[in-house]
Amino acid sequence: MNSADVTRFWSKVLKGPRPTDCWLWTGAIGDDGYGRFWIKDGDGQRMIRAHRFALATAHGGLAAIENLEGCHGCDTPLCVRPSLEDTRHVYLGTRINNMVDRAARGRHNRQSAAQFWRFETKQERAHKARVLRDFIREHGWDADQIDELLRGVPADQGRLF
């Protein structure tokens with residue numbers, strides 16, 4: 001991997017201060033709500049989902065993850081925190097692993113009410129991802145506000161579950 005691409009990539013990531021926080025992508029966002037990152041590819045450019053690029057940096061390059069998928073254990077589309085040994089954030093899996101996890105969490109077609117990005121179309125998820133990205137670009141890490149933007153729960157309202 002090109003070291004300039006890697007440096008540029010990580011400059012677009014805001015890392016939460018706690019050991020369990022997501023690392024949120026602040027760059028381009030696609031129509032599905034996931035981050036996008038462009039790298040040089042021959043004479044042109046190639047788009048890679050941001051969470052895949054993060055996994056590639058942790059696993060030795062894009063070739064090392066070629067036939068695998070990036071799975072989100074945290075259910076946050078903008079999270080790019082690569083996990084090597086656990087499934088709390090972004091981890092490698094097969095297509096089957098990803099689909100089984102997706103179904104177990106109720107994220108097929110419509111997400112369950114307990115999930116962060118619930119009952120949303122791809123367009124709604126993309127809009128919310130852009131709102132979150134724009135907030136963290138302007139204000140930095142504000143755990144309460146990020147929680148509200150991710151979950152739709154006002155920061156001053158207690159959890160129901």
Side-chain angles (χ1 to χ4, degrees), residues 5-6 8-18 20-39 41 45-59 62 65-66 68-83 86-155 157 159:
D5 285 340
V6 173
R8 186 169 49 87
F9 175 84
W10 290 115
S11 75
K12 297 176 183 296
V13 175
L14 179 64
K15 296 179 180 182
R18 296 172 298 199
T20 57
D21 285 336
C22 290
W23 296 353
L24 300 175
W25 177 249
T26 65
I29 297 173
D31 291 339
D32 56 2
Y34 289 90
R36 293 185 175 199
F37 184 67
W38 280 263
I39 61 169
D41 188 20
Q45 290 187 334
R46 176 170 73 138
M47 188 281 295
I48 300 171
R49 285 186 172 201
H51 64 280
R52 284 191 61 76
F53 192 84
L55 284 167
T57 66
H59 288 277
L62 292 167
I65 67 166
E66 186 173 337
L68 297 169
E69 294 196 4
C71 307
H72 277 89
C74 57
D75 285 331
T76 304
L78 293 185
C79 183
V80 295
R81 184 176 185 159
S83 297
D86 64 42
T87 58
R88 281 184 278 182
H89 292 283
V90 183
Y91 62 95
L92 285 175
T94 64
R95 179 76 174 157
I96 291 172
N97 296 141
N98 205 9
M99 294 300 102
V100 167
D101 178 62
R102 180 180 138 192
R105 293 170 186 259
R107 289 187 282 131
H108 42 46
N109 298 327
R110 299 183 73 105
Q111 298 179 12
S112 73
Q115 300 304 317
F116 299 167
W117 303 78
R118 59 188 180 271
F119 300 115
E120 297 167 345
T121 65
K122 284 184 179 180
Q123 295 79 14
E124 290 167 329
R125 185 174 62 221
H127 171 73
K128 285 189 174 185
R130 289 183 181 108
V131 168
L132 174 60
R133 182 226 21 223
D134 294 345
F135 174 83
I136 60 178
R137 279 180 173 174
E138 186 173 337
H139 302 286
W141 192 274
D142 177 331
D144 289 336
Q145 187 63 41
I146 289 171
D147 193 52
E148 181 176 336
L149 291 169
L150 283 173
R151 294 170 182 83
V153 177
Q157 176 181 323
R159 293 271 193 271

Taking all atoms of both residues into account, what is the closest heavy-atom pair of A143 and R18, and its distance?
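Scanning both residues completely, I find the closest heavy atoms to be CB-NH2, 4.1 Å.
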
Shortest non-hydrogen contact from R125 to P77?
CD-CG, 3.8 Å

State the [atom1]-[atom2] distance between [X] and [Y], to the nearest 0.5 angstrom.
X	Y	atom1	atom2	answer
H89	C22	NE2	SG	5.0 Å
T26	D134	OG1	CG	10.0 Å
F135	W141	CZ	CH2	10.5 Å
L150	T76	CG	OG1	5.0 Å
H127	L132	NE2	CG	11.5 Å
I39	L62	CD1	CG	5.0 Å

Test log, rule side-chain contact (heavy atoms from CB on, under 4.5 Å), inputs R52 and I65:
CA-CA 8 Å; R52 284 191 61 76; I65 67 166; 3.7 Å; yes

Going through the distances and angles, do D21 and R81 end up as a salt bridge (charged side-chain N to carboxylate O under 4.0 Å, His left out)?
CA-CA 9 Å; D21 285 336; R81 184 176 185 159; over 6 Å; no

Quick check: W38 with F9 (ring centres under 6.0 Å apart)?
no

Do H72 and H51 have ring centres separated by under 6.0 Å?
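Yes: the rings meet the under 6.0 Å criterion.
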
Exam field: side chain D147 to backbone D144, donor-acceptor pair closer than 3.5 Å
no

Quick one: does [X]'s side chain get under 4.5 Å of [Y]'s, heavy atoms only?
X	Y	result
E69	T94	no
L78	R133	yes
V13	L24	no
R36	I29	no
V90	P82	no

Please determine which of F37, Y34, W10, W25 meets the ring pair (Phe, Tyr, Trp, His ring centres under 6.0 Å) test together with F53.
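Checked F37, Y34, W10, W25 against F53; only one passes ring pair (Phe, Tyr, Trp, His ring centres under 6.0 Å): F37.
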
Side-chain ion pair, R130 and D31, N-O less than 4.0 Å
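D31 and R130: salt-bridged.
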
How about R137: does its CZ atom have over 12 heavy atoms from other parts shown lying under 6.0 Å from it?
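Buried by this count: over 12 neighbours within 6.0 Å.
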
